[in-house]
Visitor: 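Got a structure for you, written out below as structure tokens; questions coming shortly.
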Amino acid sequence: MKESLRDKTINGMFWSFFQKISSQAISFAITVILARILTPNDYGIVALAGMLLILMGIFSDGGLGPALIQKKDADEKDFNTMFVTQFLFACILYGIIFFIAPFFSMLFSKNDEQLLTDIIRVMALTMPLGALAGVQNSVVTRRMMFKWYFYSNTISLAVSASTGIYMAYNGYGAWALVGQQISNLVTSTIVIYFLLDWHPKFQFCYKRFKSLFSTGLKYMGTSFISTLTSQVRGYALGMKYSSSDLAYFNRGEGLPNLICNNIDNTIQTVLFPALVNIQNDAEAMKKALRKAIQTSTFILFPMLFGLATTADKIVVVLYTERWAPCIPFMQITCFCFAIGIMCNVNLQALKARGLIGLILKLEFIKKPILLAVIIGTMFISPIAIAWGMLFFNIFVYLINSYPNKKNIGYSYKDQILDILPNTLQALFMAAVVYVVGMIEMNIHALLAIQIFTGIAVYIATSLLFKNKTLSYIVHYIKEKTGKK
């Protein structure tokens with residue numbers, strides 16, 4: 001029997017979520033171990049290299065990935081055309097990166113120029129391989145075969161963890177992080193290649209390329225502007241301050257980002273192809289968005305607010321006192337990610353309806369404001385940049401959600417009312433946890449008490465006030481486990 005869209009969505013959500021949860025345990029362990037061995041400067045050097053490669057990597061994709069997922073009648077010619085195009089783009093870009101690496105290093109790392117140059121050139125070798133990975137991911141996402149992500153990510157994380165930890169313990173420094181990232185991509189690409197029944201061929205159709213690229217160009221333009229401006233913060237820290245300051249900022253984002261990757265990215269990954277199938281039904285899209293926002297905030301708000309409250313203890317326990325300067329960055333970033341949940345869901349609705357031109361216009365509104373915020377705060381301090389990003393995220397939410405009021409009737413008021421119960425519960429829980437944290441006792445024991453108190457208070461208030469989202473989640477779990 002053919003699987004319905006609802007079943008595909010639920011099944012995809014389950015496997016994608018399961019993959020995120022299982023990989024989180026491995027990723028978390030790797031992060032803690034490596035952070036205890038490597039220095040903030042090691043992380044900062046690799047972060048600088050990553051900024052350049054992420055920005056240049058946009059051009060190797062050409063925007064064809066999301067364009068292919070969005071296209072309703074994509075076939076073999078489309079997939080192969082995407083693969084050939086991305087592979088050629090990636091090879092050309094590698095040559096460009098190889099040439100500009102020394103100039104980039106001279107500008108951003110005066111003390112480790114040669115090291116940064118070498119790292120950039122080695123990490124850029126993954127770009128041609130990324131062409132194969134990109135088309136495979138598009139096939140998997142389009143078919144909503146998220147079970148394959150679970151297999152590939154679990155295996156690749158295990159391999160990359162072994163590689164990174166071995167290199168770190170043997171004194172490779174920043175190269176341990178490089179080895180970890182490269183082994184992850186290589187392994188996941190190989191696993192998906194053997195699991196997937198579709199394999200790319202060197203076949204190119206100019207007509208299909210023209211059609212995909214016309215749409216992909218808009219995605220690429222949007223992604224380039226978004227990535228460039230989001231990286232400006234890192235460039236500002238790299239130029240004005242040290243690579244260690246960049247590492248503290250990034251480490252502060254680490255745990256909040258890891259938490260959101262388990263929940264929010266899972267929902268966004270499954271939500272986009274699901275919304276594409278109902279893009280012409282405004283009422284259905286509104287219901288889907290409401291459920292996504294309510295579910296995301298119910299789970300993520302208490303985690304993010306709780307993390308912000310206990311960050312001073314979590315950082316010391318996990319990463320040692322050496323990473324204490326990242327505590328305020330972590331606290332501010334938690335609230336940035338909380339607002340980002342709302343931004344992302346609204347943006348997915350616009351993408352699913354094919355309103356790429358509108359998204360591009362919105363980027364031209366948002367990004368000048370971001371640049372102004374970063375430039376205005378970079379000369380104050382790194383923490384001022386973090387506060388600036390928080391206020392900018394509020395602005396982004398207002399911009400991203402405005403079109404959905406007109407297109408599907410989902411207004412600011414509706415969205416605020418949908419998340420209000422979850423917000424109040426999470427804030428109350430955080431307040432209780434903060435008070436508990438004032439007790440004088442062993443830091444490890446106190447952190448454990450705070451975590452268990454937070455969980456107990458949040459569940460109790462959800463049951464007391466009969467939170468509808470909790471009922472929905474319980475019903476969903478029973479449905480998946482076959483319980484009545």
Visitor: Which heavy atom in Gln331 sits nearest to a heavy atom in Ala311, and how many Å separate them?
Guide: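 So the minimum-distance heavy-atom pair works out to CG-CB, 3.7 Å.
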
Visitor: Apply side chain to side chain contact (heavy atoms under 4.5 Å, CB included) to residues Leu116 and Phe104 and explain how you reach the verdict.
Guide: CA-CA 9 Å; Leu116 180 56; Phe104 181 86; 4.2 Å; yes

Visitor: Just wondering, are more than 12 heavy atoms of other shown residues or ligands nearer than 6.0 Å to CE in Met441?
Guide: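 More than 12 heavy atoms, drawn from other residues, nucleotides or ligands, come within 6.0 Å of this atom.
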
Visitor: Taking side chain as C-beta onward, heavy atoms only, is Thr297 less than 4.5 Å from Met342?
Guide: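 Answer yes - side chains close enough.
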
Visitor: Is a donor on one side and an acceptor on the other found under 3.5 Å between the side chain of Thr333 and the backbone of Cys336?
Guide: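 Judged by distance alone, no pair lies under 3.5 Å.
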
Visitor: What heavy-atom pair brings Gly376 and Ile380 nearest, and what distance separates the two atoms?
Guide: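 Here Gly376 and Ile380 meet closest at O-CD1, 3.7 Å.
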
Visitor: Checking Leu255 against Met330 for the side chain to side chain contact (heavy atoms under 4.5 Å, CB included) test, could you report, in this order, the C-alpha distance in whole Å, the side-chain angles of both residues, the deciding distance, and whether it holds?
Guide: CA-CA 8 Å; Leu255 274 176; Met330 183 179 292; 3.9 Å; yes

Visitor: List the atom of Ile341, the atom of Ser296, and the distance in Å for their closest heavy-atom pair.
Guide: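 For Ile341 versus Ser296, the nearest heavy atoms are CG2-CB, 3.6 Å.
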
Visitor: Do the side chains of Val122 and Trp175 get nearer than 4.5 Å, heavy atoms only?
Guide: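 Counting from C-beta outward, Trp175 and Val122 do come under 4.5 Å.
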
Visitor: Is a side-chain N or O of Arg251 found less than 3.5 angstrom from the main chain of Phe329, in a donor-acceptor match?
Guide: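 Not a single qualifying donor-acceptor pair exists.
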
Visitor: Under a 3.5 Å distance rule, please check whether Asn41 uses its side chain to pair with a backbone N or O of Ser243 as donor and acceptor.
Guide: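 Checking the backbone N and O of Ser243 against the side chain of Asn41, no donor-acceptor pair under 3.5 Å is found.
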
Visitor: Counting N and O atoms only, with roles assigned by atom type, does the side chain of Asp42 sit under 3.5 Å from a partner on the main chain of Thr39, one being a donor and the other an acceptor?
Guide: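 Yes, the answer is positive, given that a donor and an acceptor are paired below the 3.5 Å cut-off.
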
Visitor: How long is the span from the CE atom in Met438 to the CG atom in Leu446, to the nearest 0.5 Å?
Guide: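 The CE atom of Met438 sits 11.0 Å away from the CG atom of Leu446.
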
Visitor: Just so I know, are the side chains of Tyr319 and Thr31 near enough to count as touching, which here means a heavy-atom distance under 4.5 Å?
Guide: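 A side-chain contact exists here, since the closest heavy-atom pair is under 4.5 Å.
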
Visitor: Any heavy-atom pair between the side chains of Ile385 and Phe249 that's under 4.5 Å?
Guide: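 With C-beta onward as the side chain, the pair touches.
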
Visitor: Heavy-atom count check: over 12 atoms from other residues, nucleotides or ligands less than 6.0 Å from Tyr172 OH?
Guide: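 Not buried by this count: 12 neighbours or fewer within 6.0 Å.
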
Visitor: Between the side chain of Ser105 and the main-chain N/O of Thr117, is any donor-acceptor distance below 3.5 Å?
Guide: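 Yes; judged by distance alone, with no hydrogens or angles, the pair exists.
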
Visitor: Can you check whether Tyr458 reaches Asn422 side chain to side chain, under 4.5 Å on heavy atoms?
Guide: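 Yes, their side chains come closer than 4.5 Å.
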
Visitor: Determine whether a donor-acceptor pair (N or O, by modelled atom type, separation under 3.5 Å) exists between the side chain of Asp112 and the backbone of Leu115.
Guide: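 The answer is no, because no donor-acceptor pair under 3.5 Å joins these two groups.
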
Visitor: Would a 4.5 Å heavy-atom cut-off, applied to side chains only, mark Tyr43 and Trp323 as touching?
Guide: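 Side-chain contact under 4.5 Å: yes.
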
Visitor: Report yes or no: does Gln450 contribute a side-chain atom to a donor-acceptor pair with the main-chain N or O of Val433 at less than 3.5 Å?
Guide: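 Yes; judged by distance alone, with no hydrogens or angles, the pair exists.
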
Visitor: Test side chain to side chain contact (heavy atoms under 4.5 Å, CB included) on Ile369 and Phe395 and set out the steps.
Guide: CA-CA 9 Å; Ile369 302 299; Phe395 173 73; 3.8 Å; yes

Visitor: With a 4.5 Å cut-off on side-chain heavy atoms, are Val457 and Phe428 touching?
Guide: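 Counting from C-beta outward, Phe428 and Val457 do come under 4.5 Å.
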
Visitor: Quick check: closest heavy atoms across Pro40 and Arg322, and the distance to 0.1 Å?
Guide: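 Nearest pair, atom of Pro40 first, then Arg322: CD-CD, 4.1 Å.
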
Visitor: Are Ile119 and Leu48 packed together at the side-chain level, in the sense that at least one heavy-atom pair is separated by less than 4.5 angstrom?
Guide: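 Side-chain contact under 4.5 Å: no.
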
Visitor: Can you give me the closest heavy-atom contact between Ile37 and Ala168, atom names plus distance?
Guide: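 Smallest heavy-atom distance, with atoms named: CG2-O, 3.6 Å.
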
Visitor: Verify whether the ring centers belonging to Phe305 and Tyr434 lie closer than 6.0 Å.
Guide: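 Centroid separation for Phe305 and Tyr434: 6.0 Å or greater.
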
Visitor: Could you check whether any side-chain N or O of Asn257 sits under 3.5 Å from a backbone N or O of Glu253, counting only pairs where one atom can act as donor and the other as acceptor?
Guide: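 Here the side-chain-to-backbone pair does not exist.
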
Visitor: State the CG-CG distance between Leu88 and Leu93, to the nearest 0.5 angstrom.
Guide: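 Here the interatomic distance stands at 11.0 Å.
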
Visitor: Ignoring hydrogens and angles, tell me if any N or O in the side chain of Thr126 forms a donor-acceptor pair with the backbone of Met123 under 3.5 Å.
Guide: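 Between the backbone of Met123 and the side chain of Thr126 there is a qualifying donor-acceptor contact (under 3.5 Å).
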
Visitor: As a quick check of understanding, evaluate side chain to side chain contact (heavy atoms under 4.5 Å, CB included) for Leu125 and Tyr94, giving each step before the final call.
Guide: CA-CA 7 Å; Leu125 289 171; Tyr94 180 77; 3.5 Å; yes

Visitor: Using a distance-only test with no angle check, is there a side-chain donor-acceptor pair under 3.5 angstrom linking Gln180 and Asn184?
Guide: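 Not at all, the side chains of Gln180 and Asn184 share no donor-acceptor pair under 3.5 Å.
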
Visitor: Find the distance between CD (Glu113) and CD1 (Ile45) and round it off to the nearest 0.5 Å.
Guide: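 The CD atom of Glu113 sits 10.0 Å away from the CD1 atom of Ile45.
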
Visitor: Hey, what do you get for OG1 (Thr310) to CD1 (Ile314), rounding to the nearest 0.5 Å?
Guide: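 Reported value, rounded in 0.5 Å steps: 3.0 Å.
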
Visitor: When rounded to the nearest 0.5 angstrom, what is the spacing between CZ in Phe379 and OG1 in Thr377?
Guide: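 It is 9.5 Å, given to the nearest 0.5 Å.
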
Visitor: Do any N or O atoms from the side chain of Arg36 and from the backbone of Leu318 form a donor-acceptor pair under 3.5 angstrom?
Guide: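 Flag set: sc Arg36 to bb Leu318 pair under 3.5 Å.
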
Visitor: Measure across Gly44 and Ala247 and return the closest heavy-atom pair with its distance rounded to 0.1 Å.
Guide: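 Of all heavy-atom pairs spanning Gly44 and Ala247, the closest is N-CB, 3.8 Å.
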
Visitor: To the closest 0.5 Å, what do you measure between CD1 (Ile165) and OG (Ser160)?
Guide: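 Output value for this atom pair is 9.0 Å.
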
